[in-house]
S.K.: 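Pasting a structure below so you can have a look.
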Amino acid sequence: MIRKRIVTFLTVLGFGLYYSAPGGTVIAKAGQNIPEKQYIVGMESEDQMEKLEEEKAECIGSEEINANGEDNLKENKMIPLALTEEEAEELTEVPGVEFVEEDVCVRASNVSLWKEKTVHKKKIKIVKENKSKIEWNIRMIHADKQVTKKKTKKKNRVRIVVLDSGVDYGNDIDIDPSKTISLVPGESEITPLFMDGTGHGNSVAGLIAARDNGKGITGINPNAEVISIRVLDDNNSSPLSRVIEGIYMAIREEADIINMSFGVDVCSKALEQAVRDAEQAGILLVAAAGNTGDKGVQYPAAFDEVMAVGSVDQYGDIAKDSAVGDEVEIVAPGELVRSTGFFDDELVSSGTSLAAPQVAAAASLIWEKDTDMPADFVRELLNQSANGYGAKEKYGNGLLDTEYALENYNEFKKSYQKKENLVANSDQLDIKQNNKSVIGFNKTDCVEGSWTGKDHKGLIPEEYKSVRKGVIFPDNKEYKDSNGDFTFRGMKVNPWWHGYYSRNYVAAYIYETRLANAFTTGKGVPYSVILKEIAPQIKSDIDKINWKKEYGKTPTNAQKRAFVWGMAIHDLQDTFAHSSFVWKSGKYVRLKHEDLDNCDDILVYKERYYSTTKMAVDAAMRKYKNSSHPSGTYEEFSPILKATRFKLGNIYLNIKELAGDGIAKPYKNVSYK
């Protein structure tokens with residue numbers, strides 16, 4: 001993507017003529033290269049901003065801003081610009097400019113009328129080993145009754161926007177894929193099935209609302225409506241401007257709660273404005289305090305408008321790295337917490353990132369009892385019901401206690417509704433102090449950094465991360481060959497990476513998985529006459545991958561195997577997108593991406609996205625995990641046999657070429673020629 005020029009804005013303001021060029025430099029009139037940075041410029045009024053934009057309509061900043069968004073920054077009187085430090089300093093003196101601040105990188109991690117809580121001595125009840133099916137952290141915050149009681153869909157669903165690294169559709173979390181979006185540049189067409197690039201977003205969302213379906217963990221409130229906005233990239237980082245864009249998108253989506261499990265050390269006026277606007281929109285903001293220890297609480301958690309959540313360990317003691325400071329408002333378990341990972345597996349990790357969503361989930365349980373109550377009511381009930389047994393700067397109001405909050409809901413609600421008349425005597429607003437014993441655990445059966453589950457013990461996260469890197473690779477990368485042509489992108493140009501029916505996509509997928517396995521077996525991979533035209537191209541494409549560029553170092557052969565398996569899975573998954581035919585207006589027509597009301601309406605074609613695509617991907621992952629299995633097979637395409645609303649182009653002929661008519665025969669009725 002080529003960055004647009006910013007000639008313009010600086011010229012209007014009386015500076016020399018500069019424009020930003022691809023590659024991160026600013027070219028001056030004299031031809032010299034001057035280093036630039038990305039800035040966010042806040043204007044005092046819309047009129048002043050509009051006047052500048054009218055005079056120079058091409059004024060624009062970095063490609064990182066608004067790449068997939070809806071101009072929320074400009075709508076809120078902010079302009080992204082690429083400037084030199086000198087230009088940024090001069091810009092602060094221009095009338096109408098409220099602030100100019102660097103667009104720093106965010107990484108994954110109140111004034112009240114209420115009576116100040118007193119600290120009581122900690123009491124603890126030790127459990128030697130957690131043999132319960134309920135996760136230890138859920139038991140510690142007394143949310144286990146909510147997890148085990150029979151779940152029914154309630155009328156009052158609370159909408160929680162998870163600003164994070166994305167949440168995978170179909171991965172044990174009930175999200176609306178039509179509202180899932182990535183704000184990361186180059187990912188406007190990323191499939192909802194592989195939205196999360198790191199597992200961070202899945203873990204956060206899983207703690208909130210993982211389904212009660214016998215798989216993995218069960219979230220604190222599966223009834224919550226989770227909306228995923230991906231702002232963190234595959235390094236779990238984001239420019240501040242993208243986070244701001246995400247907050248305004250959450251406001252537009254009418255969020256009740258925003259969970260932000262990331263932080264930055266720098267106080268930003270632009271971020272503060274976005275946070276304040278979200279609070280004024282009636283949203284409860286919950287954020288990780290940070291894993292910064294005594295260096296202080298990070299932003300956005302440090303803002304008064306945000307609940308800053310610290311983390312405790314299995315004994316209820318403040319975690320070693322949990323941020324300390326007056327801004328800490330409440331704490332929740334954050335050390336060795338198990339949650340949702342990739343492909344229906346589980347991931348154990350640590351940090352305030354895991355503590356924050358537990359508070360957001362508990363808040364949703366309170367709020368769904370009466371969604372007409374304001375965010376302040378929910379926030380204060382959480383604070384007043386917390387178990388306050390530690391120093392304020394470490395524990396805030398204390399350890400989250402979901403059960404105690406719900407038990408005292410009615411009493412607190414009555415007091416809250418009289419608050420305006422009782423300000424002078426705020427002691428009457430308190431509920432009885434929570435002096436319950438903390439449930440501690442000698443053993444949690446959680447080991448950090450390892451995948452769990454009896455079927456997959458021993459797999460390390462890097463293996464799945466590599467699969468996922470490969471899954472998005474054919475869509476996100478524009479590698480060029482010696483002739484300057486793109487190597488991977490293009491459904492019609494490279495049908496073997498995008499499941500296009502013009503080639504035998506079944507044979508291509510199988511051959512790709514065999515090439516992937518060759519990285520660890522060291523054996524050559526022969527190909528059948530079916531692939532004589534495209535097999536050399538497939539192998540050549542893989543040979544052109546710049547591994548150091550993808551990993552920052554030379555990856556292991558196991559990582560390469562996983563990566564190419566991911567590419568093959570992308571090909572498999574794309575088959576159900578690019579070779580699907582549906583009955584429309586008296587005939588079968590192919591679903592096309594450009595027909596947004598047709599191909600990409602995930603709610604209309606939910607069967608294709610979940611029952612078929614997800615099942616096919618699951619089948620492929622089983623083959624990948626079984627390293628002794630020689631390759632993928634045509635069986636990965638068998639979910640189409642159960643489809644009722646669409647067919648696959650040439651699937652019968654594809655399988656017949658590979659395995660004969662006897663095996664291919666069942667596919668006749670689901671094949672469209």
S.K.: Run the salt-bridge test on R230 and E187 with the 4.0 Å N-O cut-off and return the result as yes or no.
M.R.: yes

S.K.: Any non-hydrogen side-chain atom of L365 less than 4.5 Å from a side-chain atom of T402?
M.R.: yes

S.K.: Step by step, work out the side-chain contact (heavy atoms from CB on, under 4.5 Å) result for Y395 and V328.
M.R.: CA-CA 7 Å; Y395 297 85; V328 175; over 6 Å; no

S.K.: On a heavy-atom basis, which atom in A270 and which in I40 lie closest, and how many Å separate them?
M.R.: CB-CG2, 4.0 Å

S.K.: Have T198 and S165 got a donor and an acceptor in their side chains that come within less than 3.5 Å?
M.R.: yes

S.K.: So, for P357 and L207, which heavy atoms are closest and what is the spacing to 0.1 Å?
M.R.: CG-CD1, 3.9 Å

S.K.: Parallel, tilted or perpendicular: which describes the rings of F377 and F412, with under 30° parallel and over 60° perpendicular?
M.R.: tilted

S.K.: Considering non-hydrogen atoms only, spot the tightest contact between P185 and R242 and give its length.
M.R.: CD-NH1, 3.3 Å

S.K.: Step by step, would you call S385 with N434 a side chain to side chain donor-acceptor pair (under 3.5 Å)?
M.R.: CA-CA 6 Å; S385 60; N434 183 348; over 6 Å; no

S.K.: What is the distance from atom CD1 of I283 to atom CD1 of I160, rounded to the nearest 0.5 Å?
M.R.: 12.0 Å

S.K.: Salt bridge (Lys or Arg N to Asp or Glu O under 4.0 Å), that's the test. Do K413 and D370 meet it? Break it down for me.
M.R.: CA-CA 10 Å; K413 184 177 181 180; D370 184 353; 2.7 Å; yes

S.K.: Are D401 and K436 within salt-bridge range, i.e. N to O under 4.0 Å?
M.R.: yes

S.K.: Do V161 and I229 have side chains that get closer than 4.5 Å, going by heavy atoms?
M.R.: yes

S.K.: Determine whether a donor-acceptor pair (N or O, by modelled atom type, separation under 3.5 Å) exists between the side chain of D168 and the backbone of N171.
M.R.: no

S.K.: Test Y416 against D376 for side chain to side chain donor-acceptor pair (under 3.5 Å), laying out the working first.
M.R.: CA-CA 10 Å; Y416 184 89; D376 180 65; 3.0 Å; yes

S.K.: Between Y299 and V306, is the side-chain contact (heavy atoms from CB on, under 4.5 Å) condition met? List the steps.
M.R.: CA-CA 9 Å; Y299 297 93; V306 183; over 6 Å; no

S.K.: Under 3.5 Å, is there a donor-acceptor pair between the side chain of S322 and the main chain of A319?
M.R.: no

S.K.: List the steps, then state whether side chain to side chain donor-acceptor pair (under 3.5 Å) holds for D277 with Y248.
M.R.: CA-CA 8 Å; D277 288 343; Y248 282 114; 2.6 Å; yes

S.K.: Within the side chain of D256, is there an N or O that forms a donor-acceptor pair under 3.5 Å with the backbone of R159?
M.R.: yes

S.K.: How many angstroms lie between atom CG of D294 and atom NZ of K394, to the nearest 0.5 angstrom?
M.R.: 9.5 Å

S.K.: Could you verify whether a donor N or O on one side chain and an acceptor N or O on the other, from T340 and N202, lie under 3.5 Å apart?
M.R.: no

S.K.: Apply the test salt bridge (Lys or Arg N to Asp or Glu O under 4.0 Å) to residues E305 and R276: give CA-CA distance (whole Å), side-chain angles for both, the deciding distance (0.1 Å), then the verdict.
M.R.: CA-CA 7 Å; E305 295 82 2; R276 188 175 294 124; 3.7 Å; yes

S.K.: Distance from N223 atom CG to I208 atom CD1, nearest 0.5 Å?
M.R.: 13.5 Å

S.K.: Would you call F262 and S237 a side-chain contact if the rule is heavy atoms closer than 4.5 Å?
M.R.: no

S.K.: At their closest point, which heavy atom of G334 faces which heavy atom of S311, and how far apart are they?
M.R.: CA-CB, 3.7 Å

S.K.: In Å, rounded to the nearest 0.5 Å, how long is the span from CD1 of I258 to CE of M249?
M.R.: 11.5 Å

S.K.: Is the backbone of K269 close enough, under 3.5 Å, to the side chain of E101 for a donor and an acceptor to pair up by distance?
M.R.: yes

S.K.: Assess the side chains of H200 and N236: does a donor N or O sit below 3.5 Å from an acceptor N or O?
M.R.: no

S.K.: So, for I247 and A274, which heavy atoms are closest and what is the spacing to 0.1 Å?
M.R.: CG2-O, 3.6 Å

S.K.: Do Q384 and Y404 come close enough that some side-chain heavy atom pair is under 4.5 Å?
M.R.: no

S.K.: Can you tell me if T292 uses its side chain to pair, donor with acceptor, with the backbone of K295 under 3.5 Å?
M.R.: no

S.K.: Just so I know, are the side chains of D174 and P222 near enough to count as touching, which here means a heavy-atom distance under 4.5 Å?
M.R.: no

S.K.: With a 3.5 Å distance limit and no angle check, can you tell me whether Y389 reaches the backbone of G316 through a side-chain donor-acceptor pair?
M.R.: yes

S.K.: For E44, does the CD atom have more than 12 heavy-atom neighbours from other residues, nucleotides or ligands under 6.0 Å away?
M.R.: yes

S.K.: Decide, yes or no, whether a salt bridge links D317 with K122 under the criterion of side-chain N to carboxylate O below 4.0 Å.
M.R.: yes

S.K.: Show, in sequence, the C-alpha distance, side-chain angles and deciding distance for R338 and L347, and conclude whether the side-chain contact (heavy atoms from CB on, under 4.5 Å) test is met.
M.R.: CA-CA 6 Å; R338 192 194 320 273; L347 177 64; over 6 Å; no

S.K.: Are the side chain of S238 and the backbone of L232 linked by a donor-acceptor contact shorter than 3.5 Å?
M.R.: no

S.K.: So, T352 side chain and G290 main chain: donor-acceptor pair closer than 3.5 Å or not?
M.R.: yes

S.K.: Verify the distance criterion only: is there a donor paired with an acceptor across the side chains of T180 and D176 at less than 3.5 Å?
M.R.: no

S.K.: How many angstroms lie between atom CG of L381 and atom CH2 of W367, to the nearest 0.5 angstrom?
M.R.: 12.5 Å

S.K.: Hey, is the main chain of T84 close enough, under 3.5 Å, to the side chain of E87 for a donor-acceptor pair?
M.R.: yes

S.K.: Could you tell me whether E254 atom CD has more than 12 heavy atoms of other residues or ligands within 6.0 Å of it?
M.R.: no

S.K.: Please report the interatomic distance CG(N221) to CD(Q358), rounded to the nearest 0.5 Å.
M.R.: 13.5 Å

S.K.: Going by side chain to side chain contact (heavy atoms under 4.5 Å, CB included), M307 matches just one of L284, L285, I257. Which one?
M.R.: L284

S.K.: Would you say N156's side chain and E368's backbone share a donor-acceptor pair under 3.5 angstrom?
M.R.: yes

S.K.: When you check the gap from the basic side-chain N to the acidic O, do K320 and E335 get nearer than 4.0 Å?
M.R.: no

S.K.: If you apply the rule side chain to side chain donor-acceptor pair (under 3.5 Å), what do you find for N435 with Q433, and how did you get there?
M.R.: CA-CA 6 Å; N435 293 317; Q433 181 168 286; 3.0 Å; yes

S.K.: Which heavy-atom pair separates V119 from G390 by the least distance, and what is that distance?
M.R.: CG2-O, 3.4 Å

S.K.: Salt-bridge test for R157 and E225: reply yes if a basic N is under 4.0 Å from a carboxylate O, no otherwise.
M.R.: no

S.K.: Is a side-chain donor-acceptor pair under 3.5 Å present for N383 with N397?
M.R.: yes

S.K.: Give the intermediate values and the outcome of side-chain contact (heavy atoms from CB on, under 4.5 Å) for residues N259 and L163.
M.R.: CA-CA 6 Å; N259 187 90; L163 293 185; over 6 Å; no

S.K.: Evaluate the side-chain proximity of V167 to D196: yes if any heavy-atom separation is below 4.5 Å, no if none is.
M.R.: no

